[in-house]
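Just so you know, residue 1 is the first one in the sequence shown, and it goes up from there.
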Amino acid sequence: MTRLAAVGGLLLGGTMVTHAVASEPGTPDAVPFSTASPGDGAAAGPGAALVQRLGTSRTAGTWVGEDGRTVVAVTDQEAAEEVRAAGAEPKMVRHSMDDFDSATRTLSSAPRVPGTAWLKDYRSNQVVVRGDSTVSADDWSSLTDVADGIGDFVRMERVEGAFTTRLAGGLPVLSTAGRCSAGFNVTDGEREFILTAGHCGPQGSVWFSDSGARQKVGTTVGGSFPGDDYSLIAYDGGKAGDNAGVVAVGGNKGVRITGVADPTVGQRIFRSGSTSGLRDGEVTALDVTVNYPEGTVGGLIESDVCAEPGDSGGPMFSEGIALGVTSGGSGDCRSGGITYFQPVTKALADLDLKMIVAPGAEGGGGSPSPAPSQAQGVTAPDAATPGSSTPVRGILPDPSTLVLRLADPRNVGPGLLVMGGSLVALVASRWIRAEQDRKAYRRQYSATWG
């Protein structure tokens, strides 16, 4: 009976494995060269083109209104007419982008105060200077004096918490430097890398996907921090593997990345991190300077989306378009806060790399979707989505889900376990029968010979 059951188990396990292999869904191949590199007109919406054409002396930024329309701040009536003719909405303001640039240069030349940041608030037509809870009263007073000397369009704000880098998804990567989140996969045409935050670790840092340091991901081979906040992790085997154009958002789900662009103020964005998962928010400012304790980083994207330690380096995106990697901020996902991002376009241009993208939303082959053109605009904030979803496979090894994968009847694991158990039972039954025969022979021999 045991032998019959074991043989039946082998047949059943083989059938389970056959069905699992036959029903395994195909995964789209990654497209190794994105057509949406920074040099391919990666500007989000018509506002950027209008600002570039009209010039910094006649404009003061652009943003997406609540109704999804593009708004451009202008300083004269003639510029306003050009904006209307282009289908956007003008807003007359007092101060131009030249005034903003002059103000931020003056602030940058002042003595550095860790825990401060400044940004150009397009919607209020002001430069905002922020100070966190670590800034002393004397330092804040000195910075206020600098602001007063610039003009009344500089606004001083105190914020709770502290501006910190978010070192502790995107899936987790770990090293002796701490824990960060994988950002986007990029390529130089030969090798493939993870683009993540620069403060995550110095050059030479070795990264693993498990806390036991058994599954090596790769080694940091370059980057920039402070000044910028990006770095490259070279994959140990040189390749990112299947679904390299997908970012993880939790729950074994992912979003296909189909291009790369710069965001627009007012745009709804999504961020994934290994600590707090998928979160959404709105871009509140561009070209932000933050004085972290480790050093000053400029050109950052500001958002009201939350982040926590360990989320550093995680991807920020919208409608499948890569926008940035998580740098730092203040607050947490319980009380809310401010989060800053390194623009992807700047990092790719500096490193001379291209984004690895996935095929289109239908999952078939063909060319990747291009970045939004300057004439397309962006989706209205309430209507924006992360992008096309797909199961996550092969982005990084995740040992925490090994048991779940083995127990899932749609995988080959259960069938292999049944086959293995049947083989053990078959061998055991043979050994038990042989042992029984040996003992019976001894008894017969002893009885015969006394």
Shortest non-hydrogen separation from M355 to A322 and the atoms involved:
CE-CB, 3.7 Å
Please determine, by modelled atom types, if D98 and S57 share a side-chain donor-acceptor pair under 3.5 angstrom.
no
Measure from the side-chain N and O atoms of T187 to the backbone N and O of I356, and report whether any donor-acceptor pair falls under 3.5 Å.
no
Note: Y292 and S327 closest approach over all heavy atoms is OH-OG, 2.9 Å
Using modelled atom types and a 3.5 Å cut-off, is there a donor and acceptor pairing between side-chain atoms of K91 and backbone atoms of R123?
yes
For the atom pair CH2 (W63) and OG1 (T264), what is the distance rounded to the nearest 0.5 Å?
12.0 Å
So which heavy atom on G310 is nearest to which on S181, and how close?
O-OG, 2.7 Å
Look at E308 together with R334 and state whether they make a salt bridge at an N to O cut-off of under 4.0 Å.
yes
Give, for atom OG of S231 and atom CG of L195, the distance between the pair rounded to the nearest 0.5 Å.
7.5 Å
Taking the side chain as every heavy atom from C-beta outward, state whether V265 and T284 have any pair of such atoms under 4.5 Å apart.
no
Would you check if the side chain of S102 reaches a backbone N or O of D99 as a donor-acceptor pair within less than 3.5 Å?
no
Less than 4.5 Å apart, side chain to side chain, heavy atoms only: is that true for T70 and T62?
yes
Do E192 side-chain atoms and A240 backbone N/O form a donor-acceptor pair below 3.5 Å?
yes
Could you go through T220 and W207, starting from their C-alpha distance and side-chain angles, then the distance that decides it, and tell me whether this counts as side chain to side chain donor-acceptor pair (under 3.5 Å)?
CA-CA 8 Å; T220 300; W207 296 91; 2.8 Å; yes
Do NZ/NE/NH1/NH2 and the carboxylate oxygens of E319 and R256 come within less than 4.0 Å?
no
Let me see the working for T339 and R271 under side chain to side chain donor-acceptor pair (under 3.5 Å), right down to the final yes or no.
CA-CA 10 Å; T339 302; R271 176 201 60 74; 5.4 Å; no
Between D229 (side chain only) and G198 (backbone N and O only), is there a donor and an acceptor less than 3.5 Å apart?
yes
Would the distance check show the side chain of S303 and the main-chain N or O of E282 forming a donor-acceptor pair, the cut-off being under 3.5 Å?
yes
CZ/F270 to OG/S318 distance, rounded to the nearest 0.5 angstrom?
6.0 Å
At their closest point, which heavy atom of A307 faces which heavy atom of S276, and how far apart are they?
CA-OG, 4.4 Å
So, do I269 and L323 sit near enough that their side-chain heavy atoms are less than 4.5 Å apart?
yes
Any salt bridge between D132 and R158, counting N to O under 4.0 Å?
no
Output yes when D280 and R268 qualify as a salt bridge under the 4.0 Å nitrogen-oxygen rule, no when they do not.
yes
Check step by step if side chain to side chain donor-acceptor pair (under 3.5 Å) holds for S96 and R58.
CA-CA 6 Å; S96 68; R58 305 175 66 197; over 6 Å; no
Partner of W118 under side chain to side chain contact (heavy atoms under 4.5 Å, CB included), chosen from V154, T104, V288
T104
Yes or no on side chain to side chain contact (heavy atoms under 4.5 Å, CB included) for D262 and I301, after CA distance, side-chain angles and deciding distance?
CA-CA 9 Å; D262 289 316; I301 304 162; over 6 Å; no
Taking every non-hydrogen atom, the tightest pair across A60 and N125:
CB-ND2, 3.7 Å
Would D101 and K120 count as a salt bridge (charged side-chain N to carboxylate O under 4.0 Å, His left out) if you check the C-alpha gap in whole Å, the side-chain angles of each, and the deciding distance to 0.1 Å?
CA-CA 9 Å; D101 291 340; K120 303 163 185 176; 2.6 Å; yes
One should read off an interatomic distance between Y340 OH and L119 CG, to the nearest 0.5 angstrom, of 6.5 Å
Between D188 (side chain only) and L353 (backbone N and O only), is there a donor and an acceptor less than 3.5 Å apart?
no
Side chain to side chain contact (heavy atoms under 4.5 Å, CB included) assessment of F184 paired with V325
CA-CA 8 Å; F184 300 99; V325 293; 4.0 Å; yes
Does the D228 side chain pair with the main chain of Y230, one donor and one acceptor, at a distance under 3.5 Å?
no
Verify side chain to side chain contact (heavy atoms under 4.5 Å, CB included) between V72 and E89, making sure each step is shown before the conclusion.
CA-CA 6 Å; V72 179; E89 180 181 343; over 6 Å; no
Assess whether side chain to side chain donor-acceptor pair (under 3.5 Å) is satisfied between T165 and E294, documenting all intermediate values.
CA-CA 9 Å; T165 51; E294 301 92 334; 3.0 Å; yes
Within the 4.5 Å heavy-atom criterion, are E160 and S133 side-chain neighbours or not?
no
Please test V83 against L54 for side chain to side chain contact (heavy atoms under 4.5 Å, CB included), starting from the C-alpha separation and ending with a verdict.
CA-CA 9 Å; V83 170; L54 293 172; 3.9 Å; yes
Using atom types as modelled and distance alone, determine if a side-chain donor or acceptor of S272 lies under 3.5 Å from a backbone N or O of R279.
no
Checking T275 against R179: is there a side-chain donor and acceptor pair closer than 3.5 Å?
yes
Find out whether T296 and P226 are in side-chain contact, i.e. whether some heavy atom of one side chain is under 4.5 Å from a heavy atom of the other.
no
One thing to verify: whether R130 and E302 come together as a salt bridge, which I'm taking to mean a side-chain N less than 4.0 angstrom from a carboxylate O.
yes
Any side-chain donor paired with an acceptor under 3.5 Å for S209 and Q215?
yes
Within this structure, what is the CD1-SG distance for the pair I233 and C180, rounded to the nearest 0.5 Å?
7.5 Å
Before accepting this row, confirm whether a basic side-chain N of the pair D350/K346 lies closer than 4.0 Å to the acidic partner's carboxylate O.
yes
Euclidean distance, I321 CD1 relative to I257 CD1, rounded to 0.5 Å:
7.5 Å
Students often mix this up, so state it plainly: with edges at 30° and 60°, are the rings of F100 and Y122 parallel, tilted or perpendicular?
parallel
Got T116 and L143 here, is their nearest side-chain heavy-atom distance under 4.5 Å?
yes
Any side-chain heavy atom of F341 within less than 4.5 Å of one from L300?
no
Are the side chain of D121 and the backbone of V127 linked by a donor-acceptor contact shorter than 3.5 Å?
no
Option among V344, L348, I194 that satisfies the side chain to side chain contact (heavy atoms under 4.5 Å, CB included) test with V186:
L348
Can you see which heavy atom on S124 is nearest to which on R155, and at what distance?
OG-NH1, 3.5 Å
